[in-house]
> 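So that we are looking at the same thing, I have put the structure below in structure tokens.
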Protein chains: 2
Amino acid sequence: MARKTERRNQQTEESRRKILEAAAEIAAERGYEGTSIALITKRSGFPASSLYWHFGSKDELVAEVIEHSYREWLPRVPRWQPPEGGAVDRQERQEQLRSILRRAGQGIVERPEFMRLGLMLMLERRAVEPAARARFLAIRREMLEVMSDWWVAVLPPEVRSARPGLAVQLARLNMAAADGLYAAAGTEVHPADIDGIQELLVLALDGAVAAVAEAERGE
Amino acid sequence: MARKTERRNQQTEESRRKILEAAAEIAAERGYEGTSIALITKRSGFPASSLYWHFGSKDELVAEVIEHSYREWLPRVPRWQPPEGGAVDRQERQEQLRSILRRAGQGIVERPEFMRLGLMLMLERRAVEPAARARFLAIRREMLEVMSDWWVAVLPPEVRSARPGLAVQLARLNMAAADGLYAAAGTEVHPADIDGIQELLVLALDGAVAAVAEAERGE
DNA sequence: ATTATCTATAGATCTATAGATAATGC
DNA sequence: ATTATCTATAGATCTATAGATAATGC
């Protein structure tokens with residue numbers, strides 16, 4: 001019957017998951033090279049041979065850590081749902097952005113592993129790139145696209161047509177500021193200060209749109 | 001005579017420097033744990049015992065790498081020299097910021113090691129922190145202070161007195177955006193696109209100031 | 001018979017040091 | 001005598017695998 005198969009599959013899945021959770025914790029603390037098999041066996045309780053049975057190699061295991069921690073993070077990520085019916089006024093744009101950024105911040109606090117490991121991998125410049133790094137970059141490309149689409153939808157129509165590349169630039173700047181803020185959070189930036197800086201980021205991005213709009217009107 | 005002493009000191013300094021340069025390259029490519037003694041001996045030409053004679057331990061060596069690469073980077077860092085005679089008008093503020101950020105970007109491109117290794121260390125969360133990490137954070141605190149002072153000097157007086165914490169927040173946001181942009185540069189962001197995003201950052205920060213000023217006037 | 005885990009270990013690489021040797025300074 | 005470098009190696013830790021054992025499914 002399917003029940004026993006399911007139970008076995010469930011146990012297998014559970015072992016995999018435990019190994020990945022332990023590895024994700026360690027990788028977010030110590031980076032790719034610092035994530036040793038010995039540390040994972042200690043924290044997960046499984047012997048090295050089980051890790052190799054499930055994942056084949058350390059490189060593949062860390063790539064799966066990225067994939068797994070991304071899936072854990074995903075439900076906490078804001079949707080970047082463009083507003084119904086296209087363009088919106090300035091205040092509405094600000095409020096949408098504010099609520100999206102707040103949610104993004106919460107998500108990263110609740111599941112920090114994906115971004116922490118991912119940013120460390122992104123900064124690396126090894127001759128042979130870990131599989132996890134390529135995977136992270138691919139996911140980030142998708143994220144940027146979603147953010148760009150939101151900015152396209154929310155930009156005043158005349159600005160959007162006058163400056164076709166602006167939405168991507170805004171998305172990039174938005175992402176860069178969020179990354180940098182996250183990297184500094186918990187060490188350089190006290191958690192209580194995050195909100196104020198995030199609010200300033202909303203005003204800043206909106207102010208940039210206003211400045212570009214004004215410049216276009218002035219030409 | 002002092003000449004021979006000098007020559008010896010010079011050779012010693014030269015060995016130290018060669019070791020630090022090799023180590024800085026590797027550390028910026030692979031992070032703290034990836035910077036193995038064996039790799040440094042290969043790239044520098046000196047045996048492991050020479051590294052230990054000069055630096056005592058790997059932890060101390062990497063801390064000196066941070067210190068050394070910072071000193072190499074320092075002359076390329078913009079001064080954040082506040083304008084003579086205090087406050088300036090909006091256009092002048094924008095132009096100063098633009099020129100400072102451009103210079104900061106160039107400096108990071110010419111000597112990327114300090115920021116690359118530093119950000120990787122900053123993201124780590126080891127139980128026992130490497131000495132290099134503490135050193136990087138101390139340097140960054142100084143940098144933030146310098147940036148804050150600039151923002152204090154450049155803010156409209158009525159905004160500065162109405163919102164005493166604003167300058168630090170602007171400095172933090174400025175730093176976060178620069179960090180994030182740097183982390184993405186070369187992989188996610190094409191070098192040719194940096195300028196446009198940086199220009200947008202200038203408009204954004206200035207726009208945030210304008211928005212706060214307007215809000216204060218409106219109260 | 002297949003799947004998953006265990007113990008045990010191979011062989012490479014890691015940090016660090018001992019002790020010999022060479023170069024410099026007094 | 002002091003300073004700096006060399007060769008050689010100790011002992012810990014690294015990734016990975018062989019082969020035995022246990023659990024599950026047919």
Side-chain angles (χ1 to χ4, degrees), chain A residues 1-23 26-27 29-65 126-132, chain B residues 1-23 26-27 29-65 124 126-133:
Chain A
M1 322 256 114
R3 191 149 346 134
K4 285 213 171 178
T5 307
E6 254 168 50
R7 200 194 306 158
R8 168 133 113 189
N9 284 347
Q10 268 174 25
Q11 278 191 357
T12 301
E13 271 312 303
E14 184 63 9
S15 306
R16 244 185 86 94
R17 203 190 54 77
K18 278 180 183 163
I19 293 167
L20 286 172
E21 300 265 294
I26 295 163
E29 287 164 11
R30 317 167 61 106
Y32 181 81
E33 200 105 15
T35 306
S36 77
I37 302 297
L39 277 174
I40 304 171
T41 64
K42 262 177 230 153
R43 208 173 290 192
S44 71
F46 289 92
S49 53
S50 284
L51 314 199
Y52 282 91
W53 189 89
H54 282 286
F55 300 103
S57 71
K58 173 180 166 175
D59 194 58
E60 207 175 310
L61 166 55
V62 180
E64 291 293 321
V65 165
R126 284 163 205 266
V128 304
E129 166 184 72
Chain B
M1 328 257 112
R3 196 160 326 143
K4 287 213 168 173
T5 307
E6 256 167 46
R7 200 195 306 157
R8 168 133 111 192
N9 284 346
Q10 267 174 27
Q11 280 192 356
T12 302
E13 271 313 301
E14 184 63 10
S15 306
R16 243 185 88 94
R17 203 190 54 76
K18 278 180 183 163
I19 293 168
L20 286 171
E21 300 265 294
I26 295 164
E29 288 164 10
R30 316 166 62 104
Y32 181 81
E33 200 107 12
T35 306
S36 77
I37 302 297
L39 277 173
I40 304 172
T41 66
K42 262 178 229 152
R43 208 173 287 193
S44 71
F46 289 92
S49 52
S50 285
L51 314 200
Y52 281 93
W53 190 90
H54 282 288
F55 300 101
S57 72
K58 173 179 166 175
D59 193 58
E60 207 176 310
L61 167 55
V62 180
E64 291 294 320
V65 165
E124 287 187 359
R126 285 163 204 267
V128 302
E129 164 184 71
R133 184 175 190 269

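Every chain is numbered from 1 and lettered A, B, ... according to where its sequence line falls, protein lines coming before strand lines.
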> Looking at A:Pro130 and A:Tyr32, what are the two nearest heavy atoms and their distance?
CB-CE1, 3.7 Å
> Could you check if a side-chain atom of B:Glu33 sits within less than 4.5 angstrom of a side-chain atom of B:Glu124, using non-hydrogen atoms only?
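Contact flag for B:Glu33/B:Glu124 side chains = no.
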> Tell me which of B:Ser50 and A:Ala48 sits closer to the 5' end of DNA chain D, going by the nucleotide each one is nearest to.
B:Ser50
> Looking only at side-chain atoms of B:Pro47, point me to the closest of D:dA4, D:dC6, D:dA16.
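That would be D:dC6.
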> Give the nucleotide from the list D:dT24, D:dT3, C:dT5 with an atom nearest to the side chain of A:Gln11.
D:dT24
> Check nucleotides 12-14 of chain D against the protein and report each pair of N or O atoms closer than 3.5 Å, with its distance, or say if there are none.
unit_1, atom_1, unit_2, atom_2, d
D:dC14, OP1, A:Ser36, OG, 3.3

> Starting from Watson-Crick (N1-N3 plus N6-O4 or O6-N4) and G-U wobble pairs under 3.5 Å, report the runs of at least three that DNA chain C belongs to.
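C:1-24 with D:1-24 - these are the stems of 3 or more pairs that involve DNA chain C.
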> From CD of B:Glu60 over to P of C:dT15, roughly how many Å is that when rounded to an integer?
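To the nearest whole Å, that distance equals 15 Å.
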> So does A:His54 get a side-chain nitrogen or oxygen closer than 4.0 Å to the phosphate oxygens (OP1/OP2) of C:dT3?
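Answer no for this pair, as no side-chain N or O of A:His54 is under 4.0 Å from OP1 or OP2.
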> Out of C:dA16, C:dA4, C:dC6, which nucleotide sits closest to the side chain of B:Tyr52?
C:dA16
> Rounded to whole angstrom units, what separation is found between the CZ atom of B:Arg17 and the C1' atom of D:dA4?
17 Å
> With heavy-atom distances below 4.5 Å as the criterion, would you say the side chains of A:Thr41 and A:Ile37 are in contact?
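They are in contact (side-chain heavy atoms under 4.5 Å apart), so the answer is yes.
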> What is the distance, rounded to the nearest whole Å, between atom CZ of B:Phe46 and atom P of C:dA16?
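Interatomic distance, CZ of B:Phe46 to P of C:dA16: 19 Å.
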> Respond yes when some side-chain nitrogen or oxygen of B:Thr12 is under 4.0 Å from OP1 or OP2 of D:dA4, and no when none is.
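It does, given that an N or O in the side chain of B:Thr12 lies less than 4.0 Å from OP1 or OP2 of D:dA4.
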> How many Å lie between CG on A:Leu51 and P on D:dT17, as a whole number?
13 Å
> Taking all atoms of both residues into account, what is the closest heavy-atom pair of A:Ala23 and A:Thr35, and its distance?
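Closest pair (atom of A:Ala23, atom of A:Thr35, distance): O-CG2, 4.2 Å.
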> Rounded to the nearest 0.5 Å, how far apart are CG of A:Leu39 and OG of A:Ser44?
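One finds 10.5 Å between CG of A:Leu39 and OG of A:Ser44.
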> Look up atom CG in A:Leu20 and atom NE2 in A:His54, then write down how far apart they are to the nearest 0.5 Å.
9.5 Å
> Could you state the atom-to-atom distance from CZ of B:Phe55 to P of D:dA4 in whole Å?
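Going from CZ in B:Phe55 over to P in D:dA4 covers 12 Å.
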> Can you check salt bridge (Lys or Arg N to Asp or Glu O under 4.0 Å) on B:Arg17 and B:Glu14, steps first, answer last?
CA-CA 5 Å; B:Arg17 203 190 54 76; B:Glu14 184 63 10; 3.1 Å; yes
> Out of D:dT17, D:dT7, C:dT5, which has the shortest distance to the side chain of B:Ser49?
D:dT7
> Side chains of B:Arg16 and B:Glu64, heavy atoms from C-beta outward: is any pair under 4.5 Å?
yes
> Report yes or no: is there a donor-acceptor pair, N or O only, under 3.5 Å between the side chain of A:Ser15 and the base of C:dT5?
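Such a pair does not exist between side chain and base.
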> Can you measure B:Trp53 atom CH2 to C:dA20 atom C1' for me and round it to whole angstrom units?
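Distance check: B:Trp53 CH2 to C:dA20 C1' gives 17 Å.
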> What closest approach, in Å, do B:Gly34 and B:Ile26 show between heavy atoms, and which atom pair accounts for it?
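Answer, listing the atom of B:Gly34 first, then B:Ile26: O-CG2, 4.2 Å.
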> Within the structure provided, determine whether B:Phe46 and B:Ile40 are in side-chain contact (heavy-atom separation under 4.5 Å).
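No - every pair of side-chain heavy atoms lies 4.5 Å or more apart.
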> Using whole Å, report how far CG of B:Asp59 lies from C1' of C:dT15.
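Taking CG of B:Asp59 and C1' of C:dT15, I get 12 Å after rounding.
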